[in-house]
*Asks:* 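Can you read through this structure? Questions will come right after.
Throughout, a chain's letter reflects where its sequence line sits, starting with A, and its residues are numbered from 1.
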Amino acid sequence: MRFAISLLTLVAIASVIGTVLRQNEPLANYLNQFGPFWFRVFEAAGLYAVYNAPWFIAIMAFLVLSTSVCIWRNTPGMLRQMATYREGIRESSMRAMAHQTEFACTLPTDEALHRATQYLQAQGFRLRAGATGVLAAKSGSFSRLGYLAAHSAIVAICVGGLLDSNVPLQLKLALGEARPASSDTLLSQMPASARLSADNASFRGNTLIPEGGASSVAVINAGDGVLVQELPFTLTLNRFHIEHYSTGQPKLFASDVLVTDRETKQSFSARIEVNKPLQYRGVTVYQASFDDGGTLLNLRGHHMLAPRAQPLQLNGRIGESAELRYDGATYRIEWVGFRPINVENLATVGEGGANDTDREARGLFGRVRDQMGSGREGMTPRELRNVGPSFSYKLRDAAGQAREYNNYQLPVQIDGRPVFLTGVRDTPSDRFRYVRIPADEALGIDEFLRLRAGLLDPSLRAAIAQRFAANAVRGGSVSPALQARLAESAERALTTFSARGYQSVAEFLEQAVPEPERDGAAQIYLRVLQGATWEAWQLRREKDRLPVLDFTPARVQFVQDSLNAVSDLHFYGVPIWFSLDTFDEVKASVFQMTRSPGRNLVYLGCVLLVLGVFAMLYVRERRIWLLVRDGIAVLAMQTNRRTLDANETFARHQHALMALLSTTSSSKGAVHERH
Amino acid sequence: MSATERHGLMYWQSRSWQDWLYALALLFGVGYAQQRYSAYMDSYEQIILLFAAPTGIALGWSWGALQRLFVGSAVLALFSISLYTQELARADRVFLLKYLISSQSAILWMCALYFAATLVYWAGLLMRSAFALATATGLTWAATVFGLVGLLVRWYESYLIGADVGHIPISNLYEVFVLFALITALLYLYIEARYATRLMGAFVLLVISAAIGFLLWYTFSREAHAIQPLVPALQSWWMKIHVPANFIGYGAFALAAMVASAHLLASRGVLATRLPSLEVLDDVMYKSIAIGFAFFTVATILGALWAADAWGSYWQWDPKETWALIVWLNYAAWLHIRLTKGLRGALLAWWALIGLLVTTFAFIGVNMFLSGLHSYGSL
C-alpha cells in the first residue's frame, strides 16, 4: 500500500514534468534551452517524452500488476464477507462494537424477533435468524463489489491505454519489424521496410489530402523519421469547407470525402467534421486540421526602385518554388501560404488611449453601469472587417538566408486612406514590418507606380526641377538666379532621396547644415521634395498622355504617403512587390487516422470505475444484530464507514426497536395493521 | 407486497401537492422546449433535455428549497426574456433589464450579493447572531437566484446575437466562473440545511468571494463577459454534461478545503467555540470530497469520451488532462487513507486544503501557464 502510494506520487510528479516541459519538441530546442550538460541528463531520463519513457511505462505496469494482485487476494474474502450474515455472533462481540446498546424487552423472544424482523425488512434489510435468539440483518453489502469494480477498472483502463499508446509501435521498431525512412522521402518512394500493413492493430497517423486528391496511407512520425501506414480504404477529398463567424473565428471545418474500400472496391460518400469522426473498418478518421492544397496565384512583380524595368508576370503555386533573378543575384522564391479571408480589428488605435482616460473620468459607478446590460460587447471599440485575401512567400538568397513576405491583395483602410500592405520579416519569430503603399483614387496601384517612375528616373530630373521652380515662383517677381537655385535644390532633393530615401536626406542635412538650423532646413527641404515629387508625377502623367491633376489636399497626402512608401522600400530586401491579380484556391484537409484496439476496454473500465466509485462512496453497508434473552435485548450495528449519520441511523433504529419491543399488545395491533 | 415496494409507495404518497405541481411544471417546460426548439438540438441534446426532467424532479423532491430556486429563477428569466421582445439593444434601454435582470446586470447583482453574504456570515459568526446568519443564508440564496437568472438570460442573449452564435453559457472561463460560484453555493446551502448549522458559511463564502473577485477583475479589465461564438471543437453535446459535472467536482473540492481550514483553526482553538464541532467539520469535509470525487471521476471520463470525438484520442496527456489525473489521484489517495486506514483530523484537513491548490492549478493555472488543447479556456 505504502509502496503503491509512493509510486502514484512518482506518476503524479512525472505528469507534472510532462506538462511543464513541452513534450516531443525537436531535440535542438531542448539543447538550446538547457545547454549540453543538462540536455544529456534530461534526455537520458526520457523527460522529452515522459509518458513514453521506459521507466514511466514500467511504473504503470507495476501499478497494474500490484492492483491485480490486490484484487486477486481480496476478492474471495470480500465475496465471503458479502455472503455472510454472521448470525452465529457471540454477545461479547456485539458488545465490543462501536454502536451497541441494551434495553429491556418484555415480549416473548419469538414475538420480539418477529416484530424486529418486520421492522428491519421494511427498512430494507435482509435477515437471517441465528440459533441462539439472534437476528442478523444486513443491507448494502454489495458496496464491497464497488471495491472490485473500481480496482478492476484501473487495470482495464491501464491495459487498454497501453494497447493504444505508442508502445506497440516502439515494440515494432525495437524488434526491427519496421524501419523509419527519412521524412523528406516521397511517399511513392518509401521503402517496404518503412511501410506498415493495413492489418496493423494499433496506430495513429496523419494524412494531408488536397481537394480532388486521394490518399490510402497515413504518415506516422517515428523519432526523426516517418513510417507509412497502409489503410484498408482510399480517402478522396471532394471538398473542404471552412466557414467563419462575422468575428473571424472559425465556425465550421468539414470535409466531404469519398471512401473506397480497397478490397471490395465499393465506395460511399461521407462528411467528416470536428466532433464528428468517421469510422470504417476499425479505423477512425478525424478532422484534425487544414492547410493549403496548392493554391495557384497569378501575380505581377513590380520593380519598385527600378522604374524602367518591365513588371514580371508569373504564376506561383503554394508549396512550390521558383527561381528569381534580381540585380545579378539569383534567389529562390518559395510560395508559402494563402489565406482567402483575414478578419482584422480596424478600430483606430489612437482612440483606445482617449477611451482609457474617459473611463477613469466616469468613476467607479459609471464603470459598473457600463458593464450592466447584455453580454454583447466590450467597451473597447472593435471594428472587425474582412480585409480580403493575403499570401506569403519567402525569398531565399544563394547563402540560404530567407526573408519572408506577407502581402494583401486588396487595399486596406488605414487612417482613413486605402493602402496596400506588404509585410517583411527576417526570421519567423519577428513580427512583420509593414510597408504601406498608397492606393490611388481608383483603388489601384497605377498612380503610385507612375509617381515613383517620375520620382526615381534620373533622366527626368532636370525637367522636373525646372517645372518646380517655375511653378513655385509663378505670380511673383523673382530673379532668374533665385529660380535657378530653387531648381537646383529640387534636383538635389530628388537625387538625394532616390539614393536611400529619408535616410540619405537625413545624412545630407547632417553634413550640410549646422545643428541649430537643421530643423528649419529639414522642413524646407521636405517641402521642396514634396513639390518636386508632385511635378514628377504630373510630368510622368503627361508622358503617358494623361491630363495633369488638380491640386487637392488628398492628392498632397497621396504624394506624402508615396514618398514614405518609397523610402521604406529601401529596407524591403529585394524591392520587388508582388501584387495578386487572380487566384485559384485549392484547400487541403488534414486527417488523423487511428486504430485503437484498447478503446472498448478503456470504456468498459470507465463504466466499472463510475459504478465502483459510487458503490464504494454512496452505498452504506450496515449490519445489525439483535439478541433477545432474559427480558433484555442487545442491539449492535456495524458500518463500513465511520460517519456522523451512522450515529443517527443507529439512534433511529434503536428508538424504533425499543418502542416495538418494550410495548404491550396495544401497539402490537398497530404493527400488524401496517402490512 | 415486498418491503421495497412498500418503501417505494410511501415515497410517492409522501409527496406534497407542491411537489407534483413542480414536477408538472418541469415536464411541461421540457415538453415545450422539445416541441419548440428541437430543430436546434441534435438527438443527443434531446436525450439530455429528456433526462433533465427526471433529474430536476428528483433533485427538487429530495431538497424542497431547490424547487423554489428553479421555479423562481425560471420565472424571473422568462420575465426578463419577455422584456427583450427579441431585441438585444433593449438591454440598454429598458430600466429593469439595464439595472436588474439582463444577463450582465444579474451577474453583477450576484457578485454583490455573494460579497454581502460573506460579510454577514462573518458578522453572524463573530457576534453569535442567529439573525445575521439567517440573513446571510437569504443573501446567498438571492445571489444564487441572480446568478442562475444571469446564465439563463445570457443563453437567450447569445441567440439574439445570432442564431449561429447561440449556445449554452458554460463555454469559456468567464461563464464557468459564474457556474463555479453557483454550484459551490448550492452545495454549501445543501450542507447547511442538512447539518442544520450556518456556522460554516463564513468560510465557504470566502472561496466564492475569491472566485467573484477574479470574475470582476476579468470583467472590468479584460472585458471577458462578451459572448463569443463557439469554435468547432466546442460545438458538441458533450459540453452540456462534461462541464457541469466538472464544476460539481471543483465546487465540492473547494467547499471541502474551506471546511478543512475551519477545522484547522478550530482544532487550534481559534473560533473553536463559534464553529461546529470538529466531528461535524470532519464529516462535512469527507462528504464533500466524496461528492466531488464521484463527479470529478464522471467528468473526467466524459471529457475523455468527448476528446475521443473531438481530438481523435480519449487520452493524449494534454496538460489539462494530465492535471485532471493529478487532481483525481490526489483525492483518490485522500479517500484511500481515510477509508482504509481510518485516518482523520489535522493531516487530512491540511491535505484537503493543499488539494484546493492542486485543483485551482488544474482549473486556471493550466490555462494561464501551460499551453494545450484546452486553450479556449485561456485568460
*Asks:* Looking at B:V298, B:I326, B:L160, which one has more heavy-atom pairs under 4.5 Å with chain A than the rest?
*Replies:* B:I326
*Asks:* Do B:F369 and A:V20 touch side chain to side chain, with heavy atoms closer than 4.5 Å?
*Replies:* no
*Asks:* Quick check: does any side chain N or O of A:Y51 sit under 3.5 Å from a backbone N or O of B:Q316, one acting as donor and the other as acceptor?
*Replies:* no
*Asks:* Please state whether the side chain, the backbone, both or neither of B:W315 comes within less than 4.5 Å of a heavy atom of chain A.
*Replies:* neither
*Asks:* Spell out the residues in residues 279-286 of chain B that have some non-hydrogen atom less than 4.5 Å away from a non-hydrogen atom of chain A, in order of number; otherwise answer 'none'.
*Replies:* B:E279, B:V280, B:D283, B:Y286
*Asks:* Quick check on A:T284 against chain B: is it the side chain, the backbone, both or neither that has a heavy atom closer than 4.5 Å?
*Replies:* neither
*Asks:* Under the side chain to side chain contact (heavy atoms under 4.5 Å, CB included) rule, what do A:V274 and B:Q235 come out as? Steps first, then yes or no, please.
*Replies:* CA-CA 8 Å; A:V274 177; B:Q235 296 165 9; over 6 Å; no
*Asks:* Please examine the side chains of B:L339 and A:M616, heavy atoms only from C-beta on, and report whether any two atoms are closer than 4.5 Å.
*Replies:* no
*Asks:* Taking side chain as everything from C-beta outward and backbone as N, CA, C, O, which of these in A:V50 sits under 4.5 Å from a heavy atom of chain B? Side chain, backbone, both or neither.
*Replies:* neither
*Asks:* Sort B:R93 into side chain, backbone, both or neither according to what part of it lies under 4.5 angstrom from a heavy atom of chain A.
*Replies:* neither
*Asks:* Give a yes or no answer on whether the side chain of B:Q104 reaches the backbone of A:D370 with a donor-acceptor pair at less than 3.5 Å.
*Replies:* no
*Asks:* Using a 4.5 angstrom heavy-atom cutoff, name the option from B:I161, B:L88, B:L97 with the most pairs to chain A.
*Replies:* B:L88
*Asks:* Tell me, out of B:P229, B:A91, B:S236, B:A333, who's got the most heavy-atom pairs with chain A below 4.5 Å.
*Replies:* B:P229
*Asks:* Tell me which of these, A:S246, A:A288, A:A12, A:P277, has more heavy-atom pairs under 4.5 Å with chain B than the rest.
*Replies:* A:P277
*Asks:* Chain A heavy atoms under 4.5 Å from B:T297: which part of the residue, side chain, backbone, both or neither?
*Replies:* side chain
*Asks:* Non-hydrogen atoms of chain B under 4.5 Å away: do they reach the side chain of A:R599, the backbone, both or neither?
*Replies:* both
*Asks:* When only pairs under 4.5 Å are counted, which of B:P232, B:A332, B:A294 shares the most heavy-atom pairs with chain A?
*Replies:* B:P232
*Asks:* Applying a heavy-atom distance below 4.5 Å, give me the residues of residues 156-164 of chain A that approach chain B, sorted by number.
*Replies:* A:G160, A:G161, A:D164
*Asks:* Does a side-chain heavy-atom distance below 4.5 Å link B:W323 with A:V16?
*Replies:* yes
*Asks:* Contact part of B:R90 toward chain A, heavy-atom cut-off under 4.5 Å: side chain, backbone, both or neither?
*Replies:* neither
*Asks:* Find the one option among B:V165, B:I107, B:I101, B:L108 whose heavy-atom pairs under 4.5 Å with chain A are most numerous.
*Replies:* B:L108
*Asks:* Is the CH2 atom of B:W238 crowded by more than 12 outside heavy atoms at less than 6.0 Å?
*Replies:* yes
*Asks:* Which answer fits B:W328, side chain, backbone, both or neither, if we ask what part of it has an atom under 4.5 Å from a heavy atom of chain A?
*Replies:* side chain
*Asks:* Any idea which heavy atoms bring A:Q371 and B:T219 closest together, and the distance?
*Replies:* OE1-CG2, 3.7 Å
*Asks:* For the interface with chain B, which of A:T594, A:V607, A:L609 has the highest count of heavy-atom pairs at distances below 4.5 Å?
*Replies:* A:L609
*Asks:* Which atoms of B:Y174 come close to chain A, meaning under 4.5 Å heavy atom to heavy atom: side chain ones, backbone ones, both, or neither?
*Replies:* neither
*Asks:* Short question: side chain of B:S102, backbone of A:G373 - any donor-acceptor pair under 3.5 Å?
*Replies:* yes
*Asks:* Are more than 12 heavy atoms, taken from residues, nucleotides or ligands other than A:R271, located less than 6.0 Å from that residue's CZ atom?
*Replies:* yes
*Asks:* Would a 4.5 Å heavy-atom cut-off, applied to side chains only, mark A:Y603 and B:L305 as touching?
*Replies:* yes
*Asks:* Which atoms of B:I291 are under 4.5 Å from chain A, going by heavy atoms: the side chain, the backbone, both sets, or neither?
*Replies:* both
*Asks:* Less than 4.5 Å to any heavy atom of chain B: does that hold for the side chain of A:Y245, its backbone, both, or neither?
*Replies:* side chain
*Asks:* Any donor-acceptor pair under 3.5 Å linking the side chain of B:D309 with the backbone of A:K276?
*Replies:* no
*Asks:* Quick one, A:L617 and B:L335 - any side-chain contact, counting heavy atoms below 4.5 Å?
*Replies:* yes
*Asks:* Within a 6.0 Å radius of atom OH on B:Y44, are there more than 12 heavy atoms belonging to other residues, nucleotides or ligands?
*Replies:* no
*Asks:* At a heavy-atom separation under 4.5 Å, does A:L644 approach chain B through its side chain, its backbone, both, or neither?
*Replies:* both
*Asks:* Return the option, out of B:S313, B:G162, B:P169, with the maximum number of heavy-atom pairs under 4.5 Å with chain A.
*Replies:* B:S313
*Asks:* For B:T300, is it the side chain, the backbone, both or neither that has a heavy atom under 4.5 Å from a heavy atom of chain A?
*Replies:* neither
*Asks:* Between A:T19 and B:W317, is there a side-chain heavy-atom distance shorter than 4.5 Å?
*Replies:* no
*Asks:* So, does A:Y286 use its side chain to make a donor-acceptor pair with the main chain of B:A308 at under 3.5 Å?
*Replies:* yes
*Asks:* Against chain B, label A:I154 side chain, backbone, both or neither, depending on which of its atoms sit under 4.5 Å from a heavy atom there.
*Replies:* side chain
